[in-house]
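The next block holds one structure in the form of structure tokens; read it before the comments.
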Amino acid sequence: AVLTGLIPKAWFKDKFVLIGAGYTDNTDSFRTPFYSRLYDYAMTPGVEIHANALATILDGKTIKALPVAVSLMIVLFFSLTLLLVERRFNAIISAIALTVFCSGYSVFCLIFFERTNLILPMISLLTGLTFTFILIIVYRTLTEGRQKRWIKKTFQEMESSLVLEK
């Protein structure tokens with residue numbers, strides 16, 4: 001239309017023009033996070049995906065990630081905090097603390113990302129906290145079992161020696 005003179009060239013000067021099909025039988029449509037069978041346009045047209053990518057770049061709202069060292073420090077901090085909580089309280093309170101940590105941190109990560117476009121380590125932290133909790137519970141179970149057996153054995157020996165003395 002521009003080449004034939006139907007549309008003035010000035011309309012497109014210093015602008016990005018994306019051309020694509022938007023009809024329902026379009027094969028250039030893809031499932032995206034906005035995909036849902038509840039809506040009329042269940043698939044997102046390819047040109048719309050490109051338009052969103054272009055808008056993200058032009059607005060400077062690209063996704064940024066923390067340096068690996070900072071991410072590891074966050075995971076280590078929360079794991080040590082869980083360790084201290086678990087050592088001080090019983091397993092049930094520790095499980096509740098783990099649930100609160102994980103839920104609170106997940107919500108914080110989502111809100112923080114929405115406001116800053118900065119990705120915090122979510123999966124690694126949740127996995128690290130879960131493994132820390134499991135390892136602490138296993139360790140506690142093994143050491144407490146050993147202590148209980150030692151105390152029982154000691155008292156049995158003491159009891160049998162007291163019976164012999166009488």
Side-chain angles (χ1 to χ4, degrees), residues 18 20 22 24-160:
L18 302 174
T24 56
D25 293 338
N26 183 9
T27 58
D28 185 34
S29 294
F30 304 92
R31 291 184 177 171
T32 63
F34 304 103
Y35 169 79
S36 174
R37 292 179 187 208
L38 301 175
Y39 304 111
D40 291 336
Y41 300 105
M43 304 287 267
T44 304
V47 69
E48 185 176 341
I49 294 170
H50 285 96
N52 286 325
L54 182 62
T56 299
I57 293 168
L58 293 175
D59 292 342
K61 293 185 176 178
T62 56
I63 297 173
K64 299 172 238 65
L66 284 177
V68 175
V70 175
S71 296
L72 288 175
M73 287 174 38
I74 290 173
V75 171
L76 184 64
F77 171 76
F78 277 102
S79 294
L80 289 175
T81 304
L82 179 65
L83 174 67
L84 293 174
V85 168
E86 205 285 326
R87 296 299 297 157
R88 183 165 172 91
F89 300 104
N90 63 20
I92 295 173
I93 292 177
S94 298
I96 293 170
L98 174 67
T99 305
V100 170
F101 277 164
C102 291
S103 301
Y105 185 75
S106 298
V107 170
F108 174 76
C109 283
L110 294 173
I111 292 170
F112 189 76
F113 174 74
E114 186 177 291
R115 294 188 179 163
T116 65
N117 290 337
L118 187 64
I119 297 175
L120 294 175
M122 184 187 286
I123 301 301
S124 59
L125 181 99
L126 299 178
T127 306
L129 286 178
T130 303
F131 280 128
T132 300
F133 178 75
I134 291 169
L135 289 174
I136 290 169
I137 294 300
V138 167
Y139 175 77
R140 180 185 267 187
T141 302
L142 292 175
T143 56
E144 284 180 0
R146 190 178 328 130
Q147 287 174 350
K148 285 180 184 178
R149 287 190 302 273
W150 180 81
I151 290 170
K152 186 177 181 181
K153 181 183 171 191
T154 304
F155 278 112
Q156 283 176 348
E157 290 174 1
M158 191 185 315
E159 181 184 347
S160 59

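Residue indices begin at 1 and follow the sequence shown. Model, not experiment: these values are computed from the prediction.
Across all non-hydrogen atoms, the minimal contact from Ser124 to Val75 is OG-CG2, 3.8 Å. Smallest separation of non-hydrogen atoms from Asp28 and Val47: OD2-N, 4.0 Å. Shortest non-hydrogen contact noted between Ile74 and Leu125 is O-CD1, 3.7 Å. When all heavy atoms of Ala65 and Leu118 are compared, the closest pair comes out as C-CD1, 3.9 Å. When all heavy atoms of Ala91 and Ile137 are compared, the pair lying nearest together is CB-CD1, 3.5 Å. Contact between Leu126 and Thr130 at its shortest, heavy atoms only, is O-OG1, 2.8 Å.
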- Do Thr127 and Phe131 pass the side chain to side chain contact (heavy atoms under 4.5 Å, CB included) test, and can you show the C-alpha distance, the side-chain angles, and the key distance before you say yes or no? CA-CA 6 Å; Thr127 306; Phe131 280 128; 3.3 Å; yes
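Atom CD1 of Ile92 is surrounded by 12 or fewer heavy atoms from other residues, nucleotides or ligands within 6.0 Å.
Rounding to the nearest 0.5 Å gives a distance of 14.0 Å between CD1 of Ile49 and CG of Leu54. In this structure, the separation between CE on Met73 and CG on Leu66 is 10.5 Å, given to the nearest 0.5 Å. Atoms CZ and NZ, on Phe113 and Lys64 in that order, are 9.0 Å from each other to the nearest 0.5 Å. In this structure, the separation between CG on Asn52 and CD1 on Ile57 is 11.0 Å, given to the nearest 0.5 Å. Expressed to the nearest 0.5 Å, how far CZ of Phe112 lies from CG of Asn117 amounts to 10.5 Å.
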Show me the donor-acceptor pairs, under 3.5 Å and distance only, between side chains in residues 100-111 and residues at least two apart or in other chains.
residue: Ser103; atom: OG; partner: Thr99; partner atom: O; Å: 2.9
residue: Tyr105; atom: OH; partner: Pro121; partner atom: O; Å: 3.1
residue: Ser106; atom: OG; partner: Cys102; partner atom: O; Å: 2.8

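Applying the side-chain contact (heavy atoms from CB on, under 4.5 Å) test between Val138 and each of Thr141, Ile136, Leu135, Leu142 identifies Leu142 as the sole match.
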